[in-house]
Amino acid sequence: MKAAHLAVALLAAAALQSAGQNESRVGSDFRREGESLEACAKLSFGSLTDCGQTLVTGQPMHIAVGSLSPQNGFGAGIAFVEHTDQKSEWRDNWDVDGLATDNGSWRAGGYLKAYRLGGGLPKLTYPSSSTDAKKKKGPFFTVSPLFYLYSQSISLNRVDYFGLGPNTLPTAHTTYGFSENVTGVNAALPIGGRLGWAKASILAELNGRFSSVRAGTDSSLPTIGSLFSEATAPGLTHQPAYFEPSEGLRLYPALF
């Protein structure tokens with residue numbers, strides 16, 4: 001409920017600020033979403049449905065909900081989502097969101113996706129004669145250049161640990177806290193043929209992972225350090241950062 005109230009207040013403030021001025025794209029989105037939230041004041045099934053849809057999926061702001069790792073609960077928060085259409089046919093979608101659960105765990109991140117359809121959207125044409133029908137047409141499948149940048153942090157206040165191997169016992173039940181940031185970029189780059197009608201693309205990705213472990217906070221269970229050491233819980237005392245590269249090749253068929 002606090003998240004819902006905050007979203008409504010922010011939307012109302014943005015709508016008032018943009019009134020009577022030359023609106024930006026973001027200001028216009030705030031105003032129109034604020035107008036949509038007027039349905040929340042009406043008591044009918046249809047208005048409540050429209051209100052709920054705006055609160056959960058509206059743009060540029062909506063309520064973010066989701067579950068974290070088991071034992072850390074279901075959380076709620078705020079998401080800010082927008083997009084920009086460039087004259088060069090590039091489209092940028094970006095999202096900043098965060099949520100928290102009742103045990104103090106949370107997740108927050110920022111994400112940017114940029115892609116371009118070479119030559120604009122594909123057009124469907126119909127042959128006017130049998131000769132035209134025999135001419136070679138472009139394939140049905142297209143590949144556009146795509147870049148995805150992201151950085152997400154997560155903090156879990158409870159992660160269970162019983163030891164290594166399949167023969168652990170319930171008496172060794174301990175907990176610890178865990179935090180991690182994942183920052184990286186991935187891309188799909190078309191190769192071969194005209195841009196926008198490529199039949200293959202190269203996939204590449206590079207992530208950086210930065211994690212840390214802390215003592216558990218659940219008073220009903222012992223913390224991991226009271227029963228385990230680095231030998232029995234590898235990574236307990238030292239959590240190195242590391243990079244995670246990947247690559248691949250994606251093929252699309254050109255039918256007929």
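For the numbers below, each heavy atom of this structure counts, side chains included, while hydrogens, waters and symmetry mates do not.
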No-hydrogen, no-angle side-chain donor-acceptor test under 3.5 Å, Glu230 and Thr237:
yes
Determine whether the aromatic ring centres of Phe147 and Tyr115 lie less than 6.0 Å apart.
no
Rounded distance [0.5 Å steps], CZ in Arg91 versus CZ in Arg116
15.0 Å
Is there a chain of hydrophobic side chains (I, L, V, M, F, W, Y, each step under 4.5 Å between heavy atoms) that links Leu99 to Ile78?
no
Would you say the side chain of Tyr150 lies within less than 4.5 Å of the side chain of Asn207, judging by non-hydrogen atoms?
yes
So, do Arg107 and Gln152 sit near enough that their side-chain heavy atoms are less than 4.5 Å apart?
yes
Worked verdict on Asn72 versus Asn103 for side-chain hydrogen bond (donor to acceptor under 3.5 Å, both in side chains)
CA-CA 6 Å; Asn72 289 280; Asn103 82 334; 3.2 Å; yes
Nearest 0.5 Å, what's the CG-NE2 distance between Asp95 and His83?
13.5 Å
Glu180 backbone acceptor or donor facing Ser211 side chain under 3.5 Å
no
Angle class for the Phe80/Trp94 ring planes (parallel below 30°, perpendicular above 60°, tilted otherwise)?
tilted
Heavy-atom check, side chain of Leu221 versus side chain of Arg158, under 4.5 Å:
yes
Stepwise, does the side-chain hydrogen bond (donor to acceptor under 3.5 Å, both in side chains) test hold for Asn157 with Ser155?
CA-CA 7 Å; Asn157 278 337; Ser155 177; 4.6 Å; no
Parallel, tilted or perpendicular: rings of Tyr176 and Phe178 (30°, 60°)
perpendicular
So Asp160 and Thr174, do their side chains get closer than 4.5 Å, heavy atoms only?
no
For residues Arg214 and Ser179, determine if any side-chain heavy atom of one lies less than 4.5 Å from a side-chain heavy atom of the other.
yes
Within the structure provided, determine whether Ser201 and Leu189 are in side-chain contact (heavy-atom separation under 4.5 Å).
no
To the closest 0.5 Å, what do you measure between CD1 (Ile224) and OG1 (Thr175)?
8.5 Å
Distance (rounded to the nearest 0.5 Å) between Asp97 CG and His62 NE2:
7.0 Å
Kindly indicate whether the side chain of Leu156, heavy atoms from C-beta on, has any atom under 4.5 Å from the side chain of Leu68.
yes
Taken to the nearest 0.5 Å, the spacing of Lys113 NZ from Asn186 CG works out to 8.5 Å
Can you tell me how far apart OG1 (Thr171) and CZ (Phe162) are? Round to the nearest 0.5 Å.
9.5 Å
May I ask you to test the Ser151-Tyr111 pair for a side-chain heavy-atom distance under 4.5 Å?
no
